[in-house]
Amino acid sequence: MNAKKIDKFATGILYTIAGIVVLILIMLLGFIILRGVPQLSWSFLTSPSNAFSAGGGIGIQLFNSLYLLILTMLISLPIALGASIYLNEYAKPGMITNTVRTMIEILSSLPSVVVGLFGFLLFVVQFKLSFSIVSGALALTVFNLPLLTRSIEEALKAISNDQRNGGLALGISKWETVTKIILPAAVPSIVSGLILSAGRVFGEAAALIYTAGQSAPALNFGNWNPFDIDSPLNPMRPAETLAVHIWKINSEGIMPDAAAVSAGSAAVLIIVVLLFNLSARWLGRTLYRHLTAS
Amino acid sequence: MDKIRASILTPSRSSKLERRGKWLSLLCLGSICIVVIAIFGFITYRGLATFTTDHVSLSKFLTGTDWNPSVSKSGAPLVGALPMIAGSFLITILATALAIPFAIGTALMMTDVTPKTGTRILQPVLELLVGIPSVVYGFVGLTVVVPAMRNIFGGSGFGILSGTFVLFVMVLPTITSMTVDALTSVPKSFRYASLALGATRWQTIYKVVLRSATPGILTAIVFGMARAFGEALAVQMVVGNATLMPYSLVAPASTLTSVLTTGIGNTVMGTAQNDALWSLALILLIMSLTFNLAIHLIANRGSLKR
């Protein structure tokens, strides 16, 4: 009898806890959307920011974020793909493989500010790349590699061994089996993993403050020559991203409408990350249906 | 004859491709390992400069409470890192302690109480919470939590407590989703056996499910602590950034990460002020390793029992 009462009581508490967690998310999202969406307009999304007066936009920051994201993915995808192929297809279980796995695990658990500081030491100071998109993309690659490697490895692991044996039985080499049979079969989950990591990279700021820099020089969107200093494509220019922008205007507090601009920027960040998450799921499913017989 | 001989003795196109592919993928893996080694090498090298070139004793660095690297006293700069170390630990422990009951409760809802609706509602909630960038948490903390603290406790509103609330929401999804994994790995038969003995659902949860999932839950907690310890910007925005001993939870304080994010840009490479910051980064790195080690130890203990 007593046990039943305790059971009821405990269940009630569990429901309350779950309710509070859902409430926190609703309030969080509600706050960001309600505060941020009214700020959004075409001119806010496209015009450059004003450091000392109200009414600035986030155009350059938004472009920088996307450009940095694409560069990061271009660098990290081939490396992560190679590393996960070796780990899943070639590596023999043993001391060395275990050590390598532990190292990747350690890399994935490093605070992103440490990754940023390393990027600052190596890319900005040592390689003299200064605060630039390249430095930022390389730092983000370090940040992204362990997660991407793990998600691709999971994707490869999920492909049944029958496919590998089938390829080998046909007399094609292991490498060809991997590239021609296993990878295509794993594409849907690789794409989902890629997009999910893109969401994380898009919102990352701590790794970028001291690598891509905190300034967004004016860009000439009519000039697409990557070697010109005001060209949007120039990879050697400093590039403040959207996430860094939110941090910077809030911690400096010079901009008169910092609260409004950061609310708008936060809404854009959240919406983009949400879109990434949704499209990862949708694209994964669609690709799976198209590429497989099911 | 020579043609056949040559074709047998020289590797085929396909086997060349195989060898090249294997080396290429090994190279990719190797480059990741080199990055890890380089991170440790660079930060250790920079972080030790405080002790080797600036002659600060390790015990003074770890226990001193005066952080004022531009001032020198008896031949060594005043770099007592205890305020930041204490701030980091305090904020990590408080945020994790606050998150544990919520995380375990939410996880239990998803696995044992209402698995269907619980998972359908709570799973996307957790995924959304994970996906929110940390600066957004910082911004919300700055515009909601800090003013609320100011109204309730007076003062500026910045401080350990504000950081705790922000970090609580940030580590909650991490701990919850890993706890869910730990709870689902408890075999169904354990639950059936307990229920068949006449135990209520809560008795089953408390005496059977939680007990056998303990190693997994501990791993989840340590993971959450590692995340909280390393989080930089969200904390920096709400903690107040005063390098003082945290004598009160609602007074401005600082953490290792907050001092790093604000300081590195304001100091010149190679100076004592800069070296001291790299030493803080080294502490951060060592703590990250320690958390990793703890996770491995817990995992080994847990697997031995089975």
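Here the structure is a predicted model, which is why all the values come from computation and not from measurement. Chain letters run A, B, ... following the sequence lines, proteins first and then strands; every chain starts at 1.
Using a 4.5 Å cut-off between heavy atoms, Met110(B) makes no contact with chain A at all. For a residue to count as touching a neighbouring chain, one of its non-hydrogen atoms must lie under 4.5 Å from one of that chain's; by this rule Pro78(A) touches chain B with the backbone only. With a 4.5 angstrom heavy-atom cutoff, Ile121(B) touches chain A only via side-chain atoms. Of the two parts of Leu122(B), only the side chain, counted from C-beta on, holds a non-hydrogen atom closer than 4.5 Å to a non-hydrogen atom of chain A. Thr16(A) does not touch chain B: none of its heavy atoms, backbone or side chain, sits under 4.5 Å away. With a 4.5 Å cut-off on non-hydrogen atoms, Phe168(B) touches chain A through its side chain but not through its backbone. For Ile246(A), the parts lying under 4.5 angstrom from a heavy atom of chain B are both the backbone and the side chain. For chain A, the nearby part of Leu172(B) is the side chain; its heavy atoms alone come within less than 4.5 Å. Using a 4.5 Å cut-off between heavy atoms, Val244(A) makes no contact with chain B at all. With a 4.5 Å cut-off on non-hydrogen atoms, Val125(B) touches chain A through its backbone and its side chain both. The contact between Leu289(B) and chain A is made entirely by side chain atoms (from C-beta outward), counting heavy-atom distances below 4.5 Å. Of the two parts of Tyr15(A), the backbone and the side chain both hold a non-hydrogen atom closer than 4.5 Å to a non-hydrogen atom of chain B. Within the 4.5 angstrom heavy-atom criterion, only side-chain atoms of Ile209(A), from C-beta onward, approach chain B. At a 4.5 Å heavy-atom cutoff, Leu81(A) makes no contact with chain B through either its backbone or its side chain. Residue Val273(A) touches chain B through its side chain alone, counting heavy-atom pairs closer than 4.5 Å. Heavy atoms of Ser31(B) lying under 4.5 Å from chain A belong exclusively to its side chain. Heavy atoms closer than 4.5 Å to chain A are found in the side chain of Leu142(B), but not in its backbone.
Among the candidates Leu117(A), Leu29(A), Leu145(A), Ile172(A), the residue making the largest number of heavy-atom pairs closer than 4.5 Å to chain B is Leu117(A). The greatest number of non-hydrogen atom pairs below 4.5 Å with chain A, out of Leu27(B), Val130(B), Ile37(B), Leu26(B), is found for Leu26(B). Chain A forms the most heavy-atom pairs under 4.5 Å with one residue out of Ser15(B), Ala234(B), Ala226(B), Ala38(B), and that residue is Ala38(B). In terms of heavy-atom pairs under 4.5 Å with chain A, the best-connected choice from Arg20(B), Glu231(B), Lys22(B), Met237(B) is Lys22(B). The most heavy-atom pairs under 4.5 Å with chain A, out of Leu24(B), Thr257(B), Leu108(B), Thr261(B), come from Thr261(B). Each of Ile32(A), Leu28(A), Val22(A) has some count of heavy-atom pairs under 4.5 Å with chain B, and the biggest count is that of Leu28(A). The residue among Leu17(B), Thr262(B), Thr176(B) with the most heavy atom pairs within less than 4.5 Å of chain A is Leu17(B). Between chain B and the options Ile13(A), Ile85(A), Thr11(A), Thr179(A), the largest number of non-hydrogen pairs under 4.5 Å is found for Thr11(A). By number of non-hydrogen pairs under 4.5 angstrom with chain B, the leading residue of Ala259(A), Gly19(A), Ala267(A), Ser262(A) is Ser262(A). If you tally non-hydrogen atom pairs under 4.5 Å between each of Ile39(B), Val35(B), Thr106(B) and chain A, the highest count goes to Ile39(B).
Within 6.0 Å of CG on Leu170(A) lie more than 12 heavy atoms contributed by other residues, nucleotides or ligands. Other residues, nucleotides and ligands contribute more than 12 heavy atoms inside 6.0 Å of the CZ atom of Phe276(A). Tyr206(B) OH: 12 or fewer foreign heavy atoms inside a 6.0 Å radius.
The CG atom of Leu121(A) sits 6.0 Å away from the CZ atom of Arg46(B) when rounded to the nearest 0.5 Å. In this structure, CG on Leu233(B) lies 11.0 Å from CG on Asn250(A), to the nearest 0.5 angstrom. Of the inter-residue distances, the one linking Leu128(B) atom CG with Asn277(A) atom CG reads 7.0 Å to the nearest 0.5 angstrom. Annotation: the span from Phe40(B) atom CZ to Ile106(A) atom CD1 amounts to 5.5 Å, rounded to 0.5 Å. Here CZ of Phe42(B) is found 4.5 Å from CD of Gln126(A). Values are rounded to the nearest 0.5 Å. Put simply, CD1 on Ile32(B) and CE on Met103(A) are 10.0 Å apart, with the number rounded to the nearest 0.5 Å.
Under the 4.5 Å side-chain criterion, counting only non-hydrogen atoms from C-beta, Ser288(B) is in contact with Pro111(A). At a threshold of 4.5 Å between non-hydrogen side-chain atoms, the residues Thr102(A) and His296(B) count as touching. Residues Gln236(B) and Trp247(A) have side chains in contact (heavy-atom distance under 4.5 Å, counting atoms from C-beta outward). Using a 4.5 Å cut-off on side-chain heavy atoms (C-beta onward), Glu105(A) and Asn292(B) make contact.
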Any chance you could lay out the side-chain contact (heavy atoms from CB on, under 4.5 Å) test for Ser109(A) and Phe291(B), step after step, and finish with the verdict? CA-CA 9 Å; Ser109(A) 69; Phe291(B) 284 126; over 6 Å; no
Using side-chain contact (heavy atoms from CB on, under 4.5 Å), reason through Glu18(B) and Glu176(A) one step at a time and then give a plain yes or no. CA-CA 7 Å; Glu18(B) 163 75 18; Glu176(A) 282 170 312; over 6 Å; no
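Residues Val113(A) and Ala232(B) share a closest heavy-atom pair of CB-CB, 3.8 Å.
Among residues at least two apart or in separate chains, salt bridge (charged side-chain N to carboxylate O under 4.0 Å, His left out) pairs with a member in residues 123-148 of chain B are Arg281(A)-Glu127(B).
Contact residues of residues 131-141 of chain B toward chain A are Gly131(B), Ile132(B), Pro133(B), Val135(B), Val136(B), Tyr137(B), Phe139(B), Val140(B) (heavy-atom distance under 4.5 Å).
Remark: the backbone N or O of Thr200(B) is not paired with any side-chain donor or acceptor of Asp7(A) at under 3.5 angstrom.
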